[in-house]
Protein chains: 2
Amino acid sequence: MALIVQKYGGSSVADATSIKRVAKRIAEAKRGGNDVVVVVSAMGDTTDNLIDLANEVTPMPPSREMDILLTAGERISMALLAMAIESLGVEAKSFTGQQAGVITDTRYGKARIIDVAPGRITSTLAEGAVAIVAGFQGVTQHTNDVTTLGRGGSDTTAVALAAALHADICEIYTDVDGVFTADPRIVPSARRIPRISYDEMMEMAASGAKVLGLRCVEYARRYGVPVHVRSSFSGREGTLVTDEIEGAGTVEEPIISGVAHDRSEAKITVVGVPDVPGKAAKIFEVVAGAEVNIDMIVQNVSVAATGLTDISFTLPATDGQHCIAALTAAQAEIGYDSLQYDDTIGKLSLVGAGMRSHPGVSAKLFAALSAAGINLEMISTSEIRISVVTRADHLDDAVRAAHSAFELDSTEDEAVVYGGTGR
Amino acid sequence: MALIVQKYGGSSVADATSIKRVAKRIAEAKRGGNDVVVVVSAMGDTTDNLIDLANEVTPMPPSREMDILLTAGERISMALLAMAIESLGVEAKSFTGQQAGVITDTRYGKARIIDVAPGRITSTLAEGAVAIVAGFQGVTQHTNDVTTLGRGGSDTTAVALAAALHADICEIYTDVDGVFTADPRIVPSARRIPRISYDEMMEMAASGAKVLGLRCVEYARRYGVPVHVRSSFSGREGTLVTDEIEGAGTVEEPIISGVAHDRSEAKITVVGVPDVPGKAAKIFEVVAGAEVNIDMIVQNVSVAATGLTDISFTLPATDGQHCIAALTAAQAEIGYDSLQYDDTIGKLSLVGAGMRSHPGVSAKLFAALSAAGINLEMISTSEIRISVVTRADHLDDAVRAAHSAFELDSTEDEAVVYGGTGR
């Protein structure tokens, strides 16, 4: 007998038929003698439809009201799911984020969980019932206002509840079979990764792998919650995200876990920056002041004759115009010549704890990409990740070349299901 | 400067355009220097769509989950309405029933308000903002579970908030111009009633007038809340429901306020009941045990030769089969011969405080109906109401005859807008 937290994304509860299918799976887990807590996202397109409705009413919806509006989606799915489970003869009760004790800060639309006080969930389990909890939502500590957690918020809710309840496992059900060595839509021979460490999963998530959100993995690592990412459409084992595996990089374990890619970034180059102390700091002060998260930074060697240098950095393309405006306003203060903006870049990241003990990984990657005729524009590394920026239209080729070079291609016929993910 | 509670029904907020129109009206009330609290129903067909969804999932949705599901409707409309008001430059904040302090008992689907603790609403008004409150919903006192108030629940929410806030007026906005002397679809010459007492309005509501719910009027009377029923589609004055009018039934005021009708009842006749003490009591004990609310009762004079009598009563047709089943189960105990069920009846009610001081109202009504060739099957009276049961297909003629006999027909061309009402 275990305490299991299960999370189902929007595509797993898209309509009444899907809800009944998921209910059956939950009832089976309960009948198997387990305590079961279920976190659920809004049905299919509900959230997008609510956003459209808000935009019909006003072009600039206030964030507090937007959060109240969006939480209606999970309220609907959680009640329907509880009904479906009860109709199978298993007791179930649904709870809003507030009722489940999910306390957040007041940053509407991207609130962070401060605390989880799951007293009602614990007593519901003690009564022998399944507890259904609305994902993606919480309540502010002092003002009792409704908040949402932003992208991937339901995954974070599930992991936070699993941590607070000391659950044995947090199962994230989605429409793919787990985490893959690369996106199977680009690399058809990509393999499911049976097991991956928190650190590697964090690097994968930060590098564009969409199956789990970065904040969810951070939370899981901090509280040591084992996460099992798997498909709600099959009975297959998925990917277990857990503490670092003993012997990574030895014969038992591959050096590289996978190849992630990201098309959502853009590059800004600040041209003609005086190469004197404090100028680079000033640029990134301005960028930080605009609340833009930057990723990679490259500073060219300065030209001795002019004493000027260029500084390039990458950022989410959605923040591009905003960041350009902030830098333009500070041109006189920084004293640069001009700005260049480029949103046709792609980022490839090689992730693997094994590269710590295996020198030469970078060299092997660069050689493989070079052999495939791909030019590298920027490079950055962490202890267990190497990322490179290429032209966007070279990215797919780059991913395939890296995947092959590190012998990640599948040798067996593993059935692969891959699509978008829910919240 | 006044404190105004406004309530908008589902048809007044059916889509983004309607919401923007209502927002404008609210902003005007606020800019006129008033404190404004708005109670809102779910948009148009939202509630029906959610009920359909629940029925797709299970034929017998548990009532706790059904209430959670349905409250999603008001959550959507209240957030959208607050956004629309903010976009007009007037600050607005939306609150769930729970956040607004609407405390109820635990009768899911038809909860009753126990208490209203509107601390957050008061402080929102003090900040100069408009408070938008979800109608139809509350929260249980001890377990913090979500409840709904049943039919007409949003009106009740509005009146309860108005009472708790000591509001100057509670405006119920709907898609008709107020309370009419009869349903204008049946009597085209029906007039809007400018002012009506709580008692008369309660009799009208209990007799089938749908514009205000019985519980809402009861609540208004108990706390002395003046209620103004009016259209959200026009600027016209509607009907003011308030304390009894001085001089009712004198030359200044009509004897009769209006003619209500009801097609939703059925009649059960228990045939061949032994006319001995306790048998009638036993019948209505069985009916009450089945939680059926009965309306009119008629007991025939017993036939001396047999010592048997017949007892007829009316009840909501929706409870018919349930009640028949309960009586059938008790046949041996009661000792009756047979049951007759008739759901093709109609009820006409004449309501007016003026009839207290004017004898002969019954006689005049019966004469008018007789002249119109309408047979009366049952009669019941209260101090300010006379109700008669006719064949269902005679009801419209009966309403028209009564309306004319008591000189309620309009002499001017008052534009009449009439349709269904929201929750």
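To find a chain, count down the sequence lines: A is the first, B the second, and so on, and within it residues start at 1.
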Fill in: Minimal non-hydrogen separation, B:L80 against A:V57, with atom names
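Looking at all heavy atoms of both residues, the shortest contact is O-CG1, 3.5 Å.
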Worksheet item: If you measure from CE on B:M83 to CE on A:M66, what distance do you get to the nearest 0.5 Å?
Response: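 Here the rounded value is 5.0 Å.
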Practice prompt. Find the distance between CD1 (B:I76) and CG (A:L53) and round it off to the nearest 0.5 Å.
Written response: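 B:I76 atom CD1 to A:L53 atom CG measures 7.5 Å (nearest 0.5 Å).
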Worksheet item: Between B:A23 and chain A, which part of the residue has a heavy atom less than 4.5 Å away: side chain, backbone, both or neither?
Response: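 Answer is neither: B:A23 stays 4.5 Å or more from chain A.
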Discussion item. Heavy-atom pairs under 4.5 Å with chain A: which of B:P62, B:P59, B:P61 has the most?
Written reply: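 Top count of heavy-atom pairs under 4.5 Å with chain A: B:P62.
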With 3.5 angstrom as the limit, list the donor-acceptor pairs from chain B to chain A, or say none if there aren't any.
unit_1, atom_1, unit_2, atom_2, d
B:K20, NZ, A:E56, O, 3.2
B:E56, O, A:K20, NZ, 3.2
B:R64, NH1, A:S94, O, 3.0
B:R64, NH2, A:S94, O, 3.0
B:E65, OE1, A:S94, OG, 2.4
B:E65, OE2, A:S94, N, 2.9
B:T71, OG1, A:R75, NH1, 2.6
B:R75, NH1, A:T71, OG1, 2.6
B:S94, N, A:E65, OE2, 2.9
B:S94, O, A:R64, NH1, 2.9
B:S94, O, A:R64, NH2, 3.0
B:S94, OG, A:E65, OE1, 2.4
B:Q99, NE2, A:N144, O, 2.9
B:R120, NH1, A:T143, O, 2.9
B:R120, NH1, A:N144, O, 3.4
B:R120, NH2, A:T143, O, 3.3
B:R120, NH2, A:D145, OD1, 2.9
B:R120, NH2, A:D145, OD2, 3.4
B:T143, O, A:R120, NH1, 2.9
B:T143, O, A:R120, NH2, 3.2
B:N144, O, A:Q99, NE2, 2.9
B:N144, O, A:R120, NH1, 3.4
B:D145, OD1, A:R120, NH2, 2.9
B:D145, OD2, A:R120, NH2, 3.4

